[in-house]
Amino acid sequence: MASAAWAVLQVLLLLPTHSWSPVGAGNPPDCDAPLASALPRSSFSSSSELSSSHGPGFSRLNRRDGAGGWTPLVSNKYQWLQIDLGERMEVTAVATQGGYGSSDWVTSYLLMFSDGGRNWKQYRREESIWGFPGNTNADSVVHYRLQPPFEARFLRFLPLAWNPRGRIGMRIEVYGCAYKSEVVCFDGQSALLYKLDKKPLKPVRDVISLKFKAIQSNGILLHREGQHGNHITLELIKGKLVFFLNSGNAKLPTTIAPVTLTLGSLLDDQQWHSVLIELLDTQVNFTVDKHTHHFQAKGESSYLDLNFEISFGGVPTPGRARAFTRKSFHGCLENLYYNGVDVTELAKKHKPQILMMGNVSFSCPQPQTVPVTFLSSRSYLALPANSGEDKVSVTFQFRTWNRAGHLLFGELQRGSGSFVLFLKDGKLKLSLFQPGQSPRNVTAGAGLNDGQWHSVSLSAKWSHMNVVVDDDTAVQPLVAALIDSGDTYYFGALYEQSCEAHKHRGNPSGLYYIDADGSGPLGPFLVYCNMTDAAWTVVRHGGPDAVTVRGAPSGHPRSAVSFAYAAGAGQLRAAVSLAERCEQRLALRCGTARRPDSRDGTPLSWWVGRTNETHTYWGGSLPDAQKCTCGLEGNCIDSQYYCNCDAGRNEW
C-alpha cells in the first residue's frame, strides 16, 4: 500500500538588520574636519524651540551656553534641527549629544540632506530604512561614520525617539571637508563635443566618471560612435540609465545583439547620481550609485574604429550646428572626467578641444518645482481649499511604482458629500459619496504605476465631476445639489517599506501592506507584522498549512505539491535583503508507513528551494545529516532508527 505523508509549510520570518558602525580610528584624516562648530548661530534653524535659550543656535557639540542644547516646543516626530554649511561640502561623519546636564536626549533619528534647502533626500546606508541610533544619556558623544559619504549644503536631523522621562534634546557636529564641484548645465537643446587626442591608436582602458542631476526623464548623457555603426551611448530613458555598447563588427554573427545594460530607476528626481563606466577591451564595468554591473562583451574590441570625439548632453547632427538626432539631456553634469581629463574645466576655459553647441552654462539652477515624497502609509499633505466656492478644482502630477494607494481625499461643504481619488491595479479611480446615494465610481487611465509622471485634473461644477489623467477623461454625474468646496484637501498615504517602519510609528501587530523596495519597480504585498521585541515580517503562503502527499509505486509518476507565497520572488528577495535574519520551516509527517526511501538509501522524498536546489532534510534537521530531528536529539520512538517515520508505527 502506498504511504501517505503530510507536508507542513510554515511561514517565512524576516528580522531587520542594524548595520550602523561607530567611527573607527582608521578614518581618512584629510576629510574629517568639524564643519558646524565654527558656523554662526544664524546657520542653525529648527521646526520650533522650547524657549529662546533652547534655540537651534545652542546646538553645537559640547557647548554649554544657553540651556545647553536645542529642545523643540513639543517633543514629537514632526520636529527637526537644520544646519546650513554655507556651500556644498563632503560630509563623512556626524555626532550627537543630548542637552547639557539634563534628561533630554534623542535615542534615534533620521538624517536628511539637500543642495538648496527645498528638495530633501534621506540618507540611507545600504538601502536601510531605520534611523541612526542616538544617545543613552545627556553628555556622552556618539559618532557615526557615513559609508558612503555624501555632498550637501543643508542637513536636517529628525528625531524618531527620545528619553521617555525627558524631552527631545540635541547637540550636534558634522565632519567632512571642502568639495570641488565643476558643473555644466544643458537645457535639452545643447551639447559639448570633446575632440580626443589622436595619438593613442588603442587605449589600454577607457574610464568615464560623472554625476548628473536630471530635470527631465529622457536624454542622452554621452555618445561616441565609429564609421561602421559601432558606438557607446549612455542615455536616460524613463528615469532609468541605459548603457548601449554596439561593436559594429561585421565578423560577429548576426545573432549577437548589442550590449544593453540598465541600472537605477526614478533617476530624474532632481538629486545627484554618480556614474562610472570602465571599458577594457571587451570588459565593461557600469556603476550607478554604488550598484555595479560587470559584463564581458562577445567578439573583439572595436576601439580602432571609434571616432576621436565624444559628445556630452546630446548627439549633434553632422553639418548642422544646433540639430540633434535624439532627445538631448536636460539637467546638470558634475565633475565630468574622461580618462582623467576634466572636460568641464576645458569647456570653461574655451580650449580648442571643446566645441559647445546651444545654451551651455556652468551653474546648476535650483528646481522651480519640488516633488513631495510620501515615505509611509501615514504620510499625507493637507492643503487649504477655496472653501465656500461653488466648484472643486485640483490639478497635480504624481508618479509611483505602487499599483494601489490613496492620492487625494476631500469633503464637500454643507454635508453634500466627499470624494476619494486613488490607484487600484494601476488605474485611477474616483469614488464619490453623497447623502442618500450609493457610492459611484469612475476609472481613468491604465498602467499608471510605471514610475513616470502623470498629470491629473479633477473638477466639479453644477451637476458633473470630471477627472482627466494625461489624455483620458472620465465624467461622473452628481446628484442635483449645490457644490461647495470643503476647507482642506488631503494628498498622499501609500505604503511603508517594512514591518520595522510600522513598529517605529507605534503600530501594533497585524496585517499590513509593505513595499520592500520603496520607489523601485516592485509593488506592495500583504504581510503579517509580529511586533515583539523586534519587528518580524511574516510572509504567508497561499495554501493550507498541511497538504497530503501520497506516494506511488515504483515506475509511476511521483506526487508533488507546490506552495506559493503571497509575494513574488523579487518581492521576497527585496524583503530578505532588508532583514537581519530569515527563517523558513518545512516539516514532514507520516502515518501507517515507513519513511519512503529507496533500498540503496537514496531519498524518495525531497523539497526544492527558490533557486531549484534539492534538499532531503526536514524541519529541525540539517543538510546532509541523514537524520531527522529526533535522530539528532536522540529521542526517536524506536532507537534503531534515526527518523520516527522509519519505525513503521500505525500512528502519525
Side-chain angles (χ1 to χ4, degrees), residues 371-496 502 505 507 510-515 519 523-526:
V372 176
T373 301
F374 300 95
L375 297 175
S376 76
S377 59
R378 303 178 75 179
S379 301
Y380 65 89
L381 176 66
L383 294 180
N386 295 325
S387 178
E389 289 197 359
D390 60 349
K391 63 180 180 180
V392 172
S393 180
V394 182
T395 301
F396 62 93
Q397 291 181 312
F398 77 93
R399 70 173 179 183
T400 183
W401 289 106
N402 296 327
R403 291 175 57 85
H406 283 194
L407 292 175
L408 172 64
F409 170 78
E411 289 186 327
L412 305 178
Q413 284 280 31
R414 303 184 184 180
S416 56
S418 62
F419 62 89
V420 178
L421 199 61
F422 60 98
L423 278 180
K424 184 176 182 182
D425 297 326
K427 301 177 181 179
L428 192 68
K429 292 184 177 291
L430 171 65
S431 290
L432 180 64
F433 306 91
Q434 289 187 288
Q437 302 291 321
S438 299
R440 284 170 293 165
N441 304 289
V442 293
T443 301
L448 301 177
N449 58 319
D450 58 359
Q452 302 304 302
W453 287 106
H454 298 280
S455 60
V456 177
S457 177
L458 176 67
S459 61
K461 188 173 178 64
W462 303 111
S463 60
H464 289 86
M465 179 171 277
N466 297 344
V467 58
V468 181
V469 181
D470 299 330
D471 296 323
D472 189 5
T473 303
V475 180
Q476 173 62 269
L478 305 173
V479 174
L482 182 63
I483 291 293
D484 277 349
S485 175
D487 295 326
T488 309
Y489 293 138
Y490 297 91
F491 293 84
L494 291 175
Y495 300 102
E496 298 283 12
H502 282 290
R505 299 187 178 279
N507 293 341
L511 291 170
Y512 297 93
Y513 277 95
I514 65 170
D515 189 0
S519 63
F525 56 98
L526 189 65

With side chains defined as the heavy atoms from C-beta onward, is the minimum distance between [X] and [Y] less than 4.5 Å?
X    : Y    : value
F422 : L408 : no
L458 : T395 : no
L430 : V420 : no
W401 : N449 : no
V468 : V456 : no
R399 : Q397 : no

So, for T400 and L423, which heavy atoms are closest and what is the spacing to 0.1 Å?
CG2-CD1, 3.6 Å

Closest approach of S393 to Y489 (non-hydrogen atoms, all atoms of both residues):
N-OH, 4.1 Å

Return yes if some donor-acceptor pair links the side-chain N/O of D450 with the main-chain N/O of Q452 below 3.5 Å, else return no.
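Such a contact is found between D450 side chain and Q452 backbone.
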
Is there a donor-acceptor contact under 3.5 Å from the side chain of D470 to the main chain of S455?
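Side chain of D470 to backbone of S455: a pair is present.
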
Residues, nucleotides or ligands: over 12 heavy atoms within 6.0 Å of Y490 OH:
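At most 12 heavy atoms, drawn from other residues, nucleotides or ligands, come within 6.0 Å of this atom.
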
Any idea how F491 and F396 line up, ring-wise: parallel (<30°), tilted (30 to 60°), or perpendicular (>60°)?
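If you compare the ring of F491 with that of F396, the planes turn out perpendicular.
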
Does one side chain, of T443 or K429, offer a donor that lies under 3.5 Å from an acceptor on the other?
yes

